[in-house]
Amino acid sequence: MITQDVDIRNRYIKAKRAIFDKIYDHLNDRQREAVFTVNSPLLVLAGAGSGKTTVLVNRIAFIIKYGNAYMNEYVPEDVDLDEVEKLEHALILPKEDLESIAFDFASNPCPPWAVLSITFTNKAANEMKERLSRVIGEQASDIWAGTFHSVCMRLLRKYTAEAGLAPGFTIYDTDDAKKLITNCLKELNIDEKVLAPRAVMNQISRAKDQLQTPSDFAAEASDLRLKQIAKVYELYQRRLTESNAVDFDDIIMRTVQMLENHPEVRDYCQTRFRYICVDEYQDTNKAQFRLTLLLSGKYRNLMVVGDDDQSIYKFRGATIENILGFDKELPDAKVIKLEQNYRSTKCILGAANAIIRNNIGRRGKELWCDNPDGDRIVVKKLDNQNEEARYIINKIMDSVIREKRKLSDFAVLYRVNAQSNSLEQVFAKSGVAYRMLGGLRFFERKEIKDIIAYLCVVSNTGDNLRLRRIINEPKRKIGEATVNAVAQIAEAEGCSMFDVMENADKYLAISKSASKLKEFTYLIRELQRIAAADKVSKLIESTIELTGYRKMILLMGDTELERLENVQELVSNAVEYENSHEEPTLSNFLEEVALVNDIDNYDENADAVVLMTIHSAKGLEFPVVFLPGFENGLFPGIQSQMQPDEMEEERRLAYVAVTRAREKLFITHVRERLIYGHTSYNHPSKFLEEIPEEHLERDMPKKPAEERKPGERPKRNVISREFLKQSDLTANVGRTKGFERFNAGDAVEHMSFGRGEILSVKEMGADLLYEIAFESVGTKKLMATYAKLKRV
DNA sequence: ACCAGGCTTCTTTTT
DNA sequence: GAAGCCTGGT
């Protein structure tokens with residue numbers, strides 16, 4: 001049988017596809033097309049809120065279940081009219097039945113371990129795994145899902161020698177890297193005022209993003225400044241290697257180099273990964289693009305998802321070229337645009353579109369939606385940042401009471417962390433439960449970094465930088481001069497500083513401090529014995545004790561006790577790590593510490609308003625969003641105003657900010673703002689002018705005439721008056737119903753802080769300020785209007 | 001070697 | 001405004 005009836009063939013294929021279309025009818029046409037396109041490079045341009053994670057999850061599940069079942073035109077030879085008609089009639093069956101029929105179409109389905117899914121945060125990776133396991137069950141755990149860095153670390157740990165590293169190598173974070181660069185500058189006798197360490201670090205980091213080695217960089221260095229940076233880069237890289245350490249950029253760059261230089265490793269990886277998906281593609285850099293090309297080199301099943309309009313990490317080396325030029329590099333790539341937004345109201349989307357339209361360097365995309373028009377965006381001008389914060393809290397409480405919203409429905413997104421201070425203070429006073437992300441991060445606290453540094457030296461005595469950090473912390477009377485002498489000897493002998501210290505009495509230059517230096521090495525050796533015999537958590541406790549760190553903190557006085565708590569928290573972290581990992585080792589723990597950050601494990605379920613920068617809000621959504629500080633000079637920032645491409649990045653950031661909101665958006669700006677120690681008088685953001693007036697509602701104070709006599713100054717306590725006036729609050733907590741007045745000594749209960757005792761009461765305008773000692777959270781000052789206290 | 005007080009510096013920062 | 005870094009004195 002050579003010629004099958006063409007009609008039957010076509011009907012068979014059509015029926016098959018109709019069945020898949022129905023199974024995936026919860027997706028729109030474009031989304032479905034992306035799910036079914038599995039055998040070629042694929043670029044998905046996914047606008048904000050267009051369901052890109054849904055597409056990623058469904059596509060991976062589809063690949064594992066059905067392989068290339070949709071696109072292929074295979075028709076079994078024995079198909080006859082009867083069978084085709086059966087398929088055509090099957091369409092009326094429920095989805096579950098269709099799915100079992102669909103398994104017969106499966107064509108070369110992919111085992112889960114051959115799928116690699118790369119995201120930008122650990123949080124996104126976990127979310128991805130969770131959603132996948134809901135669709136395909138426990139198979140999901142075999143999928144490689146992680147960040148660029150975690151995936152590369154897995155490869156580097158496996159092919160350590162090929163990557164030119166020694167086992168147990170450590171990761172330097174940005175802070176470590178900056179310190180090392182400072183050391184290098186000193187060593188090269190370059191004045192820090194001429195070349196700022198920070199700038200050098202950025203430049204080196206950008207070079208690594210572009211896969212430039214120190215010699216590449218030197219070859220291209222045209223002026224004196226670049227030539228000097230090239231020298232620093234070279235020395236910096238040498239120091240890293242000597243310490244058997246990598247920085248964040250090295251993790252990617254070294255993986256790329258390893259894959260390029262070792263065909264056998266490359267072949268293994270290329271054969272292993274049949275399907276590769278990359279999320280947030282607009283924020284990848286050249287090295288990462290190169291990496292994905294290398295890994296997908298054999299099957300070329302590379303799918304990238306991104307939105308050029310949401311690229312906001314250019315300053316970190318992300319290049320929009322990756323997304324703009326993807327189909328140039330891979331000419332057979334299919335490009336699919338997802339332009340239907342499922343997240344926001346028409347009004348919010350209209351504003352977002354209006355803003356982003358002003359950018360020139362875009363791929364061109366216009367989001368639309370079927371959602372309701374929604375409320376207009378509320379724009380409010382306040383007098384200063386404290387009033388701005390109070391206004392936000394008022395609006396939140398108002399909405400909680402009137403619309404029965406949860407506190408976790410609200411997000412306050414700001415441009416710079418410096419704005420967070422005043423916001424936090426007002427929130428803390430108000431008693432409204434809030435959570436702030438991205439302030440001082442746990443692993444960036446000094447005491448935590450110190451203990452980690454001890455662990456790093458225990459794990460890798462070659463780690464000179466960490467050794468320098470802790471050699472005299474707590475004080476051991478080992479001064480800078482001695483440390484530098486040790487470093488010089490180590491350099492001359494070609495060994496580590498630790499090695500020199502162990503044989504300190506052999507070197508004349510440091511003989512005076514020999515006993516102190518050796519004592520330190522005994523301490524590390526002792527900790528190594530503990531590390532070999534016991535769990536990580538036990539090692540940390542021993543470290544705190546034996547190094548004298550605990551004693552040191554206790555001697556610093558009561559104000560520093562928090563440090564001890566933090567250090568204890570690190571022990572808890574380690575216990576948690578031991579419980580959740582099958583093979584808990586010290587070096588794996590250290591890797592996790594270096595690669596995981598606070599935002600990854602913040603508790604989403606807590607009912608609290610969330611405060612964070614717009615950058616960290618990327619990928620998140622909230623029913624109600626507040627955008628304080630929409631002012632020229634702050635957003636867009638003062639330094640972007642002159643440079644068009646910086647301005648475009650700011651505009652993309654504004655676009656990201658606006659599109660985080662599902663239902664309601666509040667934009668505020670103030671007359672005078674105290675920031676960085678200076679008061680500035682900013683005009684409303686130019687981005688605000690770009691939003692058509694039809695989408696906006698100016699929130700003007702509606703003042704009945706009798707409220708304020710001419711010439712009378714407005715009362716200081718603007719919040720509670722405005723608050724009481726504009727909301728139905730009076731019925732709930734307002735004075736008319738006489739919310740109970742408490743006195744010092746009363747025992748009370750607060751909705752989020754629990755039980756406490758009133759310490760003092762102070763009149764504040766129309767309101768009362770209570771100072772309350774809570775049993776669990778300590779003493780706080782709360783305004784009576786917000787505190788919602790109950791007598792107990 | 002250590003400490004205290006004065007100086008600068010300050011975008012954003014998934015890793 | 002606050003943190004971190006350098007400098008100079010002990």
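Protein chains get the first letters and strands the later ones, always in sequence-line order, with residue 1 at the start of each.
- Straight-line distance from the CZ atom of A/Phe120 to the C1' atom of B/dT12: 15 Å, rounded to whole Å.
- Rounding to whole angstrom units, CG of residue A/Asn285 and P of B/dT14 are separated by 15 Å.
- A salt bridge links A/Glu649 with A/Arg652; the closest basic N to acidic carboxylate O contact falls under 4.0 Å.
- The separation between A/Asn632 atom CG and B/dT11 atom C1' is 16 Å, rounded to whole Å.
- Taking only side-chain nitrogens and oxygens, A/Asn417 never comes nearer than 4.0 Å to OP1 or OP2 of B/dC10.
- When rounded to the nearest whole Å, the span between CE of A/Met647 and P of B/dT12 equals 18 Å.
- Atom CG in A/Leu437 sits about 11 Å away from atom P in B/dT13, given to the nearest Å.
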Protein-to-nucleotide contact annotation, 5' to 3' order, nucleotides 1-9 of chain B [B base; S sugar-phosphate only; - none; under 4.0 Å, heavy atom]: SSS------
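- Every residue meeting the side-chain contact (heavy atoms from CB on, under 4.5 Å) condition with A/Ala485, not counting sequence neighbours, appears here in chain and number order: A/Ile510.
- One can place CD1 of A/Ile252 at 14 Å from P of B/dT14, the figure rounded to the nearest angstrom.
- Residue A/Thr613 has a polar side-chain atom (N or O) positioned under 4.0 Å from OP1 or OP2 of B/dT13.
- Residues from residues 195-211 of chain A placing a heavy atom under 4.0 Å of any atom in DNA chain B, listed by number, are A/Arg198.
- A/Gln385 places no side-chain N or O within 3.5 Å of a backbone atom of A/Val670 that could act as its donor or acceptor partner.
- Listed by residue number, the members of residues 309-319 of chain A with any heavy atom below 4.0 angstrom from DNA chain B are A/Tyr313, A/Phe315, A/Arg316.
- With sequence neighbours excluded, the residues satisfying salt bridge (charged side-chain N to carboxylate O under 4.0 Å, His left out) with A/Lys314 are A/Asp645.
- At whole-Å resolution of the value, CD1 in A/Ile614 and P in B/dT11 are 16 Å apart.
- Residues A/Arg362 and A/Glu648 are not paired through a salt bridge, judged by the lack of any N-O separation under 4.0 Å between the basic side chain and the carboxylate.
- One cannot find a donor-acceptor pair under 3.5 Å joining the base of B/dT11 and the side-chain atoms of A/Arg415.
- Applying the salt bridge (charged side-chain N to carboxylate O under 4.0 Å, His left out) definition to pairs two or more places apart or across chains, those involving residues 627-643 of chain A are A/Glu631-A/Arg673.
- In this entry the base of B/dT12 is anti relative to its sugar, with a glycosidic angle more than 90° from 0.
- With sequence neighbours left out, A/Glu690 forms a side-chain contact (heavy atoms from CB on, under 4.5 Å) with A/Ile355, A/Asn358, A/Arg651, A/Lys686, A/Phe687.
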Take A/Thr585 and A/Asn588 through the side-chain hydrogen bond (donor to acceptor under 3.5 Å, both in side chains) test and state the conclusion after the steps. CA-CA 5 Å; A/Thr585 66; A/Asn588 284 340; 3.1 Å; yes
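- Partners of A/Ala418 according to the side-chain contact (heavy atoms from CB on, under 4.5 Å) rule, which considers only residues two or more places apart in sequence or in another chain, are A/Val416, A/Ile675, A/Tyr676.
- Nearer to the 5' terminus of DNA chain B, by closest-nucleotide assignment, is the contact made by A/His678 (compared with the other of A/His678 and A/Glu280).
- Scanning for salt bridge (charged side-chain N to carboxylate O under 4.0 Å, His left out) contacts around A/Arg157 gives A/Glu591, with sequence neighbours left out.
- Nucleic acid contact class of A/Glu646 (heavy atoms, under 4.0 Å, all strands): base.
- Here A/Asp175 does not pair with A/Lys178 in a salt bridge; the nearest charged N to carboxylate O distance is not below 4.0 Å.
- Scored by the salt bridge (charged side-chain N to carboxylate O under 4.0 Å, His left out) test, A/Arg466 finds A/Asp176, A/Asp463 as partners (sequence neighbours excluded).
- At whole-Å resolution of the value, CG in A/Leu611 and C1' in B/dT12 are 17 Å apart.
- For A/Tyr281 and A/Phe326, the ring centers sit closer than 6.0 Å to each other.
- Contact annotation for A/Ser640: base contact, defined as any heavy-atom pair under 4.0 Å involving a base atom.
- Along DNA chain C, read 5' to 3', the first and last nucleotides having any atom under 4.0 Å from a heavy atom of chain A are C/dG1 to C/dC6.
- Applying the salt bridge (charged side-chain N to carboxylate O under 4.0 Å, His left out) criterion to A/Arg660, with sequence neighbours excluded, gives no partner residue.
- With respect to the salt-bridge test (charged N to carboxylate O, under 4.0 angstrom), the residues A/Lys618 and A/Asp283 qualify.
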